[in-house]
Number of protein chains: 2
Amino acid sequence: MTDTQHTRRLANAIRALAMDAVEQANSGHPGMPMGMADVATVLFTKVLKYDASAPHWPDRDRFILSAGHGSMLLYALLHLTGSKEMTIDELKRFRQVGSRTPGHPERGHTESVETTTGPLGAGISNAVGLALAERILAARYPSITDHRTFAICSDGDLMEGISQEAIAIAGHLKLNRLVFLWDDNGISIDGELSLSDSVDQLARFKACGWNAVRVDGHDPEAIEAALKATENADKPTLIACKTVIGFGAPTKAGSEKAHGSPLGKDEIAGARKALGWEYGPFEIPDDVRSAWAEAGLRGKAARRAWEDRFEALEPAVRDEYERRLHGDLPEGFSDAMAAYKAKLYAEPKEVATRKAGEAALAVVSQALPELVSGSADLTPSNNTFTKNMKAITPGDYSGDFVHWGIREHGMAGAVNGLAIHGGVLPVGSTFLVFSDYCRPSLRLAALMKLRVVQVFTHDSIGVGEDGPTHQPVEHVASLRAIPNLNVFRPADAVETAEAWEIAVASKERPSVFALTRQNLPQLRLQDRGENLTAKGGYELAAAEGTPAVSLFATGSEVSLAMEAKAALDAAGLPTRVVSLPCFELFFDQPASYRAEVIGTAPVKIAIEAAIRMGWDAIVGSDGGFVGMHGFGESGPYKEVYKTFGITADAVVELAKARSA
Amino acid sequence: MTDTQHTRRLANAIRALAMDAVEQANSGHPGMPMGMADVATVLFTKVLKYDASAPHWPDRDRFILSAGHGSMLLYALLHLTGSKEMTIDELKRFRQVGSRTPGHPERGHTESVETTTGPLGAGISNAVGLALAERILAARYPSITDHRTFAICSDGDLMEGISQEAIAIAGHLKLNRLVFLWDDNGISIDGELSLSDSVDQLARFKACGWNAVRVDGHDPEAIEAALKATENADKPTLIACKTVIGFGAPTKAGSEKAHGSPLGKDEIAGARKALGWEYGPFEIPDDVRSAWAEAGLRGKAARRAWEDRFEALEPAVRDEYERRLHGDLPEGFSDAMAAYKAKLYAEPKEVATRKAGEAALAVVSQALPELVSGSADLTPSNNTFTKNMKAITPGDYSGDFVHWGIREHGMAGAVNGLAIHGGVLPVGSTFLVFSDYCRPSLRLAALMKLRVVQVFTHDSIGVGEDGPTHQPVEHVASLRAIPNLNVFRPADAVETAEAWEIAVASKERPSVFALTRQNLPQLRLQDRGENLTAKGGYELAAAEGTPAVSLFATGSEVSLAMEAKAALDAAGLPTRVVSLPCFELFFDQPASYRAEVIGTAPVKIAIEAAIRMGWDAIVGSDGGFVGMHGFGESGPYKEVYKTFGITADAVVELAKARSA
């Protein structure tokens with residue numbers, strides 16, 4: 001058997017498992033695994049630095065299946081290379097509740113799945129982040145960081161805008177340890193790709209600063225040669241692999257019919273015949289099994305050599321590396337934050353929370369050298385490039401700030417990739433209104449339970465003159481709607497610092513910040529001995545006497561509530577003010593605490609320069625509301641607040657009317 | 001004075017107005033208008049088919065300012081060319097509440113502003129839709145359709161993913177009447193563009209099937225030659241205009257300091273001197289004013305000739321053209337829908353609402369030949385390509401369906417452009433979970449009050465095996481959060497038909513549909529004489545006796561509520577069921593109607609296979625809820641429903657517990 005025949009035989013094991021599992025599930029995508037089986041086999045048996053016995057080894061090469069619908073390719077590879085968890089029974093339970101083999105690969109759910117994919121473009125942007133993380137760590141830990149990132153992507157991946165953003169920044173930053181294997185099969189769900197696309201992909205990649213070559217995706221030698229040629233590349237590389245979707249299926253190969261549904265018994269029998277695969281469903285012959293098992297341990301020697309290098313490091317360096325990798329906070333962190341907050345209490349500041357965020361971030365990032373900040377070309381507005389930071393530039397990754405360009409979605413996807421890699425703590429930033437651009441990646445961060453922080457400034461009609469296109473109205477609510485995402489809208493510099501403390505310690509929940517453009521007074525003036533933001537909501541100011549009115553607010557509207565309280569107190573309506581910087585954390589509290597904070601005042605009013613949705617859970621559906629009911633308007637921000645009736649006077653009036 | 005000097009003098013009027021208005025507002029972006037003034041002057045005085053006395057003339061060339069932050073360029077052009085509304089006083093009120101000159105251009109707010117821009121990439125994608133609409137109308141009304149679309153775009157526009165999606169589809173479809181003028185100034189907010197970008201834009205456009213040339217953006221002759229060369233192009237064209245941001249400003253030109261804030265008195269004085277512009281703030285000398293006024297009427301002859309051609313058409317053709325342009329429905333429409341619904345009542349069907357949507361869309365699109373459907377490569381899943389439709393292909397625009405490719409955001413932006421153009425009624429489609437990709441464009445559709453319809457199928461955990469990446473959980477809530485957007489989640493084939501009736505008649509509010517993958521029984525079995533969905537919510541089934549329980553549900557969960565009702569009725573708890581296909585329309589109803597529908601049953605339970613957010617407004621914050629509390633899971637959909645406890649049994653149990 002020639003080497004090519006041998007590779008084909010190993011690849012056919014993938015094909016057979018993919019056909020069988022999809023057939024058994026009566027659901028799934030056989031076409032892509034069958035088409036890319038040869039490419040994946042060459043990658044895993046000849047190139048990828050991978051040790052199935054140590055799936056979390058930090059210096060392993062990363063493999064990303066961006067075309068996540070082809071999940072059976074990944075599951076088959078994991079099974080064949082010897083993942084303990086990925087048994088043949090799990091393959092038989094493909095797409096069943098509770099299995100390790102869900103429809104699309106899910107990080108955290110299945111071992112050795114590096115990232116959750118399926119929404120196209122997500123894997124590509126994650127891969128860019130992973131490749132950048134490797135370069136960043138290589139700049140800090142050169143003797144123990146030397147791995148590559150390979151991603152299989154589809155036609156659909158390349159059509160998505162997020163991908164083009166990520167590709168452009170990867171080319172700009174010269175991420176030369178990144179390789180995309182494009183499944184160039186000319187088929188999409190609608191039919192021939194030519195129905196909707198005529199891009200010259202190689203030329204487009206080259207225009208973005210990539211190497212780009214095309215190979216026959218069913219020629220193992222050509223694939224191997226192309227992969228080997230990337231080893232010393234000075235740029236990222238696209239390898240376009242010309243393939244036949246559903247390779248081997250007698251009537252469906254090369255057609256969209258092979259893409260997204262079971263092939264059917266007859267077609268599978270025909271494919272087995274065409275491929276010369278004479279084994280039953282889920283049956284893997286011993287020679288194939290042992291060859292794959294050997295491939296699964298190809299990286300063992302490299303891993304042991306790495307361990308030796310790791311052990312040779314100074315213990316303090318090793319400890320610090322492991323601390324960063326595990327996402328633990330260093331000993332000095334809480335002291336640094338305590339000192340910063342003590343300074344705030346000593347000298348209260350009237351600043352925008354974006355400026356307060358900058359001051360806190362300077363403290364955080366000095367205490368946490370693993371922090372890597374960045375902005376989608378709003379650096380002077382987002383205030384996320386603190387004085388202690390240095391920009392990462394093409395070829396020099398010793399810095400800790402990324403100029404992402406005007407690529408919000410690509411940034412959010414790559415930031416997820418940085419977090420997935422580990423060893424870095426990524427922070428992105430843009431305007432809150434543009435969180436909409438990032439949304440698919442924010443959702444995936446929440447689903448994957450990643451520690452990422454996104455700083456969204458210019459968080460309401462307080463944006464002022466830029467007008468309704470730039471004034472978020474529904475964004476705080478729609479971000480709160482995403483499960484497992486902490487949305488912080490701090491009221492002053494102290495809450496902003498507290499939110500930072502929580503966010504960087506939040507190992508399994510991403511955080512987003514909604515920060516003001518406009519100045520706000522400091523409301524927290526003395527140390528109350530705990531991080532109050534950690535409870536999500538708390539009584540900021542008690543009523544003098546039995547409360548007649550409870551005011552609930554977040555961010556810039558908390559100071560407005562305090563103004564209203566003064567007027568209402570004076571008018572004989574004892575008023576308390578509750579600050580709610582994070583709904584999610586508040587809802588995580590025991591019912592007794594929530595009830596106590598919500599209180600029993602006969603009048604409850606919510607104040608937020610945003611839509612009402614979500615507030616009924618706090619003030620009740622009959623509670624009062626001072627906020628927005630539609631889009632904003634362009635004008636100086638104080639005028640805009642007046643225009644929409646979001647003022648202390650309006651709160652006072654409403655409270656009085658409801659108390660009457 | 002040479003022609004070039006003359007053009008420069010006209011351009012300087014734009015520069016001066018931009019400097020002065022930003023200075024007066026103490027807010028805004030002078031750099032782009034000053035940099036692109038020469039290009040815009042050539043376009044408006046030599047090329048653009050435009051008649052300021054008839055700003056809505058259907059066959060005018062379209063001008064899109066995709067770089068919307070440079071709004072003063074557009075406002076200055078409108079003022080100088082003679083827009084009645086755009087007085088010098090309005091320029092003096094730049095960025096003030098209530099002015100016609102908001103921070104970013106707003107369609108519907110300011111006459112002759114073709115589209116709302118500011119969020120980068122939006123204008124580019126709209127322009128692609130406008131150019132496509134022109135081709136579609138030219139295929140139907142060749143003698144009266146012959147105009148072009150010009151868009152000024154920035155570096156930031158070209159970095160955005162949405163733009164790359166739109167550019168690729170424009171190249172594919174050979175939209176040869178589309179021209180982009182790229183303000184190639186090498187500066188972004190963070191500083192030199194080279195901080196974040198090194199794309200060879202011309203090569204990238206060429207790879208996407210465009211012509212691409214570069215000119216000196218301060219050389220009027222070169223600009224004119226490049227523009228004239230596009231007249232008979234066989235592809236869309238990019239003209240890269242090499243410019244100096246803030247051209248004329250003595251110390252800030254060519255730097256990010258000219259981008260986003262007032263230049264200051266001294267810098268403005270220096271710029272006036274450098275430009276040889278010796279007039280006071282907001283002062284336009286007579287020669288310049290009259291030359292611009294003449295340019296504003298350049299299209300008058302063409303417009304009159306067009307009117308002659310229009311008058312020469314058959315009256316019926318004219319009427320039909322105007323009907324389509326005004327977005328009115330034809331006489332036969334309601335009869336066709338009535339006949340379709342009568343058939344549903346006569347032969348009730350158990351079908352998925354995506355299939356019911358297809359059947360309704362077939363009726364709608366046959367009655368409305370202006371309807372142009374499309375899908376982001378999920379045509380066989382979204383069911384939006386009905387048998388009567390034909391695909392639009394490169395060079396042949398006689399069809400009425402667009403294969404958008406896997407470009408959800410580009411699709412949504414281009415669909416907005418189709419609606420903005422008018423004469424077509426655009427419909428897009430993808431999976432509901434991917435509405436997140438479209439979100440910035442959905443928001444702009446709502447802000448612009450466009451009649452667009454987006455069909456989002458696979459609307460819950462009912463997606464089943466594809467798993468949490470493909471199962472929307474928070475999407476219905478987060479879409480409901482967008483102001484001025486009707487979110488329909490119909491319960492059966494009848495409600496789906498009703499939703500279509502409302503959506504196509506909704507001239508000032510876009511509509512999105514959330515439709516199931518899985519089959520649902522038909523619940524509306526007899527004609528109740530009105531479109532009940534138009535009220536947003538209604539009692540589907542009354543209680544037998546005084547209601548003990550009210551169940552509120554949407555979409556696939558309404559049938560589950562009906563099952564629960566049967567069990568509760570049998571258990572002696574008279575139960576009513578309210579269907580709420582559209583929250584927005586329900587909230588539009590009089591309070592008395594809403595109170596009646598919500599009712600006074602002691603137990604209120606909401607049922608939706610999605611998060612609770614938004615439901616408190618219906619059932620109260622103490623109401624019951626059967627739905628999702630986090631992300632979904634991969635498995636056969638009935639299993640998944642059971643896993644998350646969204647079953648009729650769970651509803652019955654909860655209702656009984658609450659009644660006890």
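Letters A, B, ... mirror the listed sequences (proteins, then strands); counts begin at 1. Please read these numbers as outputs of a predicted model, since none were measured by experiment.
Only the side chain of B:T643 comes within contact range of chain A, with heavy atoms under 4.5 Å apart. Using a 4.5 Å cut-off between heavy atoms, B:S194 touches chain A through its backbone atoms (N, CA, C, O) alone. For chain B, no part of A:P105 is nearby; none of its heavy atoms comes within less than 4.5 Å. In this structure, the portion of A:F434 lying under 4.5 Å from any heavy atom of chain B is its side chain and not its backbone. Both the backbone and the side chain of B:A446 come within contact range of chain A, with heavy atoms under 4.5 Å apart. Looking at B:S435, there are no atoms closer than 4.5 Å to chain A (heavy atoms on both sides), in backbone or side chain. For chain A, the nearby parts of B:Q164 are the backbone and the side chain; heavy atoms of each come within less than 4.5 Å. Looking at B:Q201, there are no atoms closer than 4.5 Å to chain A (heavy atoms on both sides), in backbone or side chain. For A:R93, no part sits under 4.5 Å from any heavy atom of chain B, backbone or side chain. Using a 4.5 Å cut-off between heavy atoms, B:H409 contacts chain A through its side chain alone, with no backbone atom that close. Heavy atoms closer than 4.5 Å to chain B are found in both the backbone and the side chain of A:L378. Neither the backbone nor the side chain of B:R612 comes within contact range of chain A, judged by heavy atoms closer than 4.5 Å. When heavy atoms are compared at a cutoff of 4.5 Å, A:S381 does not approach chain B at all. With a threshold of 4.5 angstrom between heavy atoms, B:R443 approaches chain A through its backbone and through its side chain. For a residue to count as touching a neighbouring chain, one of its non-hydrogen atoms must lie under 4.5 Å from one of that chain's; by this rule A:E633 touches chain B with the side chain only. The parts of B:T379 that come within reach of chain A are both its backbone and its side chain, each placing non-hydrogen atoms under 4.5 angstrom from that chain. Contacts between A:V433 and chain B at a heavy-atom distance below 4.5 Å involve the side chain alone, from C-beta outward. Using a 4.5 Å cut-off between heavy atoms, A:E106 touches chain B through its side chain atoms alone. When heavy atoms are compared at a cutoff of 4.5 Å, B:L444 approaches chain A solely by way of its side chain, counted from C-beta outward. Interface remark: B:F631 contributes backbone and side-chain atoms alike to the contact with chain A (heavy atom separation under 4.5 Å).
A heavy-atom distance below 4.5 Å is found between the side chains of B:W210 and B:I167. Under the 4.5 Å side-chain criterion, counting only non-hydrogen atoms from C-beta, A:Y437 is not in contact with B:Y437. Taking the side chain as every heavy atom from C-beta outward, A:I169 and A:W404 approach each other to under 4.5 Å.
Atom-to-atom distance recorded for B:Q96:CD and A:S634:OG is 7.5 Å, nearest 0.5 angstrom.
With chain B as partner, the option from A:T393, A:T101, A:D197 having the largest number of non-hydrogen pairs under 4.5 angstrom is A:D197. For the options A:E639, A:K642, A:E165, A:H104, heavy-atom pairs under 4.5 Å to chain B are most numerous at A:H104. For the set B:G28, B:P102, B:S99, the count of heavy-atom pairs under 4.5 angstrom toward chain A peaks at B:P102. Across B:L479, B:L447, B:V619, the residue that shares the most heavy-atom pairs under 4.5 angstrom with chain A is B:L447. Of the listed residues B:L442, B:I189, B:I611, the one with more heavy-atom pairs under 4.5 angstrom with chain A than any other is B:I189. Of the listed residues A:G103, A:P119, A:G68, the one with more heavy-atom pairs under 4.5 angstrom with chain B than any other is A:P119. Highest contact tally toward chain B, considering only A:A168, A:P468, A:C208, is held by A:P468 [criterion: heavy-atom pairs under 4.5 Å]. Contact count versus chain A (heavy atoms, under 4.5 Å) is highest, among B:R480, B:E256, B:E160, for B:E160. Counting heavy-atom pairs under 4.5 Å between each of B:G467, B:P380, B:G209 and chain A puts B:P380 at the top.
Between B:D622 and B:K604 no salt bridge is recorded (no basic side-chain N to carboxylate O distance below 4.0 Å). Salt-bridge annotation for B:K206 and A:D200: absent, with no side-chain N of the basic residue lying under 4.0 Å from a carboxylate O of the acidic one.
Using a 30° and 60° split on the angle between ring planes, B:H403 and B:F385 fall in the perpendicular class, above 60°.
A side-chain donor-acceptor contact under 3.5 Å links A:R407 to the backbone of B:S196. Side chain of A:Q471 to backbone of A:G464: a donor-acceptor contact under 3.5 angstrom is found. Between the side chain of B:T117 and the backbone N or O of B:A67, no donor-acceptor pair lies under 3.5 Å. Listed for the B:T469 side chain is no donor-acceptor partner under 3.5 Å among the backbone atoms of A:G118. Not a single donor-acceptor pair under 3.5 Å links the side chain of A:D157 to the backbone N or O of A:L120. Side-chain atoms of A:R439 come within 3.5 Å of backbone N or O of A:S478 as a donor-acceptor pair. In this structure, the side chain of A:S125 does not engage the main chain of A:S163 through any donor-acceptor pair within 3.5 Å.
The only member of A:R95, A:H69, A:H29 that meets side-chain hydrogen bond (donor to acceptor under 3.5 Å, both in side chains) when paired with B:D466 is A:R95.
With hydrogens and angles left out, the side-chain atoms of B:S198 and A:H172 include a donor and acceptor closer than 3.5 Å. A:S375 and A:N382 share a side-chain donor-acceptor pair at under 3.5 Å.
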